[in-house]
Structure formats: structure tokens, C-alpha cells
Protein chains: 2
Amino acid sequence: MVRLGMPESDYPDIRELHLFSEMADEPFMTLMRGAYVQNFPPRIELITEGDSSDFLHIVLSGSVDLFSSWNGRETSMATAWPVSTFILAATIKDAPYLMSARTLEKSRIALVPSQDVRAVFDADQGFARAIVSELAQCYRSVIKAQKDLKLRSSLERLANHLLQQQKHSGDVNEFDLQFEKRRLASVLGMTPENLSRAFKALHPYGVEIDGSHVRIADLGELKRFAKPDPLIDDPST
Amino acid sequence: MVRLGMPESDYPDIRELHLFSEMADEPFMTLMRGAYVQNFPPRIELITEGDSSDFLHIVLSGSVDLFSSWNGRETSMATAWPVSTFILAATIKDAPYLMSARTLEKSRIALVPSQDVRAVFDADQGFARAIVSELAQCYRSVIKAQKDLKLRSSLERLANHLLQQQKHSGDVNEFDLQFEKRRLASVLGMTPENLSRAFKALHPYGVEIDGSHVRIADLGELKRFAKPDPLIDDPST
DNA sequence: CCGTTTTCTTGATCTGGATCAAGTCATCGG
DNA sequence: CCGATGACTTGATCCAGATCAAGAAAACGG
């Protein structure tokens, strides 16, 4: 786990993030100069809920599980993929993290001091606008997740998740699950045992599963069951 | 249902909202001059999910239920009380509403054109900062709600809700429920029948209920059961 | 390559909460 | 004041999904 200033070779990837793409060069450089990059092995806890938010985190490679615990129980809330940020809201409000984060695999994470983020927000209008847009996006994502949870059964959630993955994989009828099943279960708010059964229960709707490989024999049939709704399932709006 | 330009007597209330308190006078007046105020009877649908977001809404008096539907089911997502705004995220992103809204009682609602909000955001730094802060706050509220849903049983959710209400009522041991039980049930993600039984199930922990009046005989006992957690239950952080 | 560990599956059982069905109570317009 | 409508409660039943238990299949470290 080596900590070092950010190598300039990482700048372009970060610059492309829509959070940083619309700002002027100089404030961007200010942010980058104060930032660090660290390489983490799998399953390392990066932040713990309740801690104060000293850094905005950016996943450069690998992936990060955002999860929460209460009274001995634990649930996956979301996953951060490259290249994206996480815990922006805590950074902005200078408030404690509401979620913990751990690497799922070997990951490179950039750390930008929260103070710098707040300072540059005031100095650069493009950055300010991008932060607002990103926050609004995050908010809408959680609302969608909440609707998914409150309005659907676990089988319906799985069916819609598969449709999302299918679309994400380029509208082909075969693809691999993005993460291990026990995590998928937690994300969907169910147990691993039940996920196993849910896959079987989707068989009549043309879903075939082999390990982490999914084949959707009849997309129309699955859609008829899942009833996908852009106001819940479309991540872009 | 009368539509008219906003009377100046409403300005001070709105000005006090932290969304508008830190901005300069002139852009504030710009927003107000473009705004409308309407009086609505109870149970009127103000906005429908999926519609485009033409106005930022501000509850001046009364209260508003934010709810969502899918496949014939419906759930309450949140309640907007005076004086606060709702659907800020949709306004900012110029994206369709993710939730519908209906008045719970006779209500006065101010409508600020979304275009104006976006324009003034670019012109006034104080307003920009306030919007970011408000959005981050909203985001964190939903995350808390999601943790509540995924990590707790309905009985635990009710117990913690009562503790929140108790605190909100000024730390007294008797208070009235803020809304009718069928809505409370929906907010807590349960059925009215089950809410009824849940109140009874909390009796051993010192909860007594009479109509909408609640008496908490033993706060310590209830807390021992509910295990409130600031990272889920504290609305301010 | 093998033994260990972990994930995944499958079956049996249990339970929290939903649904269905009635009845009671409160509110309110006439 | 009455009748009607909708809210709330209570009991009986049902079901989705959790839990428990055990085996099968992968993943992994040496």
C-alpha cells in the first residue's frame, strides 16, 4: 500500500470525469497537486461509516463496495466503478460518512482533500455546476433504488437487474454477471440462498444461468414479467 | 385554485429558507418576480412522476406527500412540510420527476420556474452553494431511509420513528402522530394492518397509543429496543 | 497438484409481514 | 341527528423470503 502524489499520467482519466471536465485548467491542477494515489489490495476497508470525510475518493481502477451496517447486520448499498467518485455528499457537507467502503479487488484510488474540493467549488463555476449535477444524479439514483426496494418483490428486482445488465452488455443475449452472487444478493436486498432460487424461478421467463454466465433466451418474455420502468431502471435519467 | 404572482408578503418566509438566505437581494428578487403562488385543496395531485420539471415547488403552508407508483402499487417516499422545497434535483437536472406529489391538506405552494433557478444558480454564488448543500442534504436523507429499510424490521423502523417524533416534539413523553396511520404505514414500508399490530407489539417496551396520541412510558426501554443510530436517525447530519 | 476455504446450491423448516374478511369507530355532509 | 364513507382494528390465513443444515462446486494458497 504505497502512498504518493498523483502521477501526471492519471490526470487525463480524471479530467474526463464529467465532474472535472468543465473546469478551468488552473483550479484542476490545484486539485491534482493536493491529491494522492494509493494502490489497495482486495477487501481492504477504505473508509468506515461515521468517520469524518477528509477526502473525496476516485476509483481509477478496480471496484469498490459501498456498504452499511447496523446492529450486526450489513447491506451493500452501491458499487463504485472506474472512473467515478464516491462519498461526494459527505465531502461537500463536511459531514460523517454514511457508508463504509471496501475494495472488491485490487484497486487504484485517488484521494483529493475535501478542503480543496470545497475551496475550488467556490473558485470555479464549471466545477460548481458539475458538482451540483453529480449530486442531483446521485440523489436520483438512490430514489430509484428506493422505489425498486419498496415497490417490487425480490424476483422482480432480479429480473429488472438482469435487463439492465443485458442492456449494459450491449444488448446481446448472453453476458456475465458483474459481481459475485453473494454481493448481488445483498445489493438486491435478499439472501444468497434466495438469489439462487430466484434465478431458477426466472427460468420460465427464458433466463438460463451457468455459474456467472447468463443467457436470456426470450427477452420479450422477461420484459413482460419485469415491467421495466425508466423512472426506476434507467440509470441515465 | 387561484394562480397569481407571488404577493410580497410571502417573500420573508422564503428568504429565510436556507436555500435563499445566502444570496444577494437582486437575484432573489428576480426569482420571486417570476414565481407564482397557488392555493390548493387537500388531495390534489400537484405533479405526476414522469412529467418534465418546469417549476421548483415550495410549500408555504399545509403539507405535501411525495409518492411513487409502479405496476399498480404505490408507496409514500417522503413528506414536505413548510417551509421547504421539493423536487430540487429534477429542476437542476432538467429531468423528469421521479416522484408524484399531492397535497395532504389545504396548502399554499409557490412555483418558481426551473429555468430561472438554473439561471440564477450561475449568477449567484451564495445561491449555488446553498443548492449544493441542500442537494447533499437530500441525498443523505435518502441514504438514511434506505439503510432504515434494508437493515431493520418494520417493528424496529416504527420504534425509531417514534423516537424521532418524540425528540421532534421537544423530548416530552407524550405527543401526537404527525400524519394519519395509513400514510405512516406506507412511509415505513408496511401495511396499515401491520402498523396496528406493531403498535401493540411495542407495548412491552412502554409505548401506549390512543388514536393518534402516543405516550412513551419508558423511553430507556424503547431506546434499548430501537437502538437508534445517528447515521440513520438523525435528520440533521 | 492437493487440501483448505469459500461460494453456491438445494432441501426442510420457520416466520415476518401481506392479504382477506369483518367488524368498530370517527368524520362529515345533509 | 342520521346515514354514509373512509380509517382503524382484530382475527384467520397465506406466502415471500429468512434461516438452518448439509452437500457440491469453485477458488486459492502452498
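Residue numbers start from 1 in every chain, and the chains themselves are labelled A, B, ... in the order their sequence lines are given, proteins ahead of strands.
- The NE2-P distance, from A:H213 to D:dA25, rounds to 20 Å in whole Å.
- Side-chain contact between B:L60 and B:I109 is absent, with no heavy-atom pair separated by less than 4.5 Å.
- Atom CZ in B:R157 sits about 14 Å away from atom P in C:dG16, given to the nearest Å.
- The separation between B:N194 atom CG and D:dC15 atom C1' is 13 Å, rounded to whole Å.
- Using a 4.5 Å heavy-atom cutoff, the side chains of B:V172 and B:Q166 are not in contact.
- Rounded to whole Å, atom C1' of C:dA26 lies 15 Å from atom CG of B:D176.
- Proximity note for B:E193 (side chain, C-beta onward) versus C:dT7, C:dA21, C:dT9: the nearest is C:dA21.
- Between A:T191 and D:dA18 there is a side-chain N or O to OP1 or OP2 distance below 4.0 Å.
- Distance from the side chain of A:M190 is smallest to D:dA18 among C:dA18, D:dT9, D:dA18.
- What separates CG of A:L155 from C1' of D:dA16 is a distance of 10 Å, to the nearest Å.
- Classification of the B:Y97-B:H57 ring pair by plane angle, with boundaries at 30° and 60°, yields perpendicular.
- Contact check for B:L195 versus B:T191: no side-chain heavy atoms found under the 4.5 Å cut-off.
- As a whole-Å value, the separation of A:L104 CG from C:dT6 C1' is 16 Å.
- Comparing atom distances between the B:S196 side chain and each of D:dT10, C:dT9, C:dG17 picks out D:dT10 as nearest.
- One interatomic measurement links the two molecules: CZ of B:R152 to P of C:dG17, which rounds to 13 Å at whole-angstrom precision.
- For A:L151 and D:dA16, the CG to P distance is 18 Å, given to the nearest whole Å.
- A donor and an acceptor atom, one from each side chain of A:H213 and A:E174, are located under 3.5 Å apart.
- Between A:F175 and A:K167 there is no side-chain heavy-atom pair separated by less than 4.5 Å.
- Taking only side-chain nitrogens and oxygens, B:S154 comes nearer than 4.0 Å to OP1 or OP2 of C:dG17.
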Between N or O atoms, less than 3.5 Å apart, protein on one side and nucleotides 26-28 of chain D on the other: list the pairs.
none

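- Each of B:R197 and B:R183 lies near DNA chain D, and the nucleotide nearest B:R183 is the one positioned closer to the 5' end.
- Under a cut-off of 6.0 angstrom, the local environment of NZ in A:K181 is crowded, with over 12 non-hydrogen atoms contributed by other residues, nucleotides or ligands.
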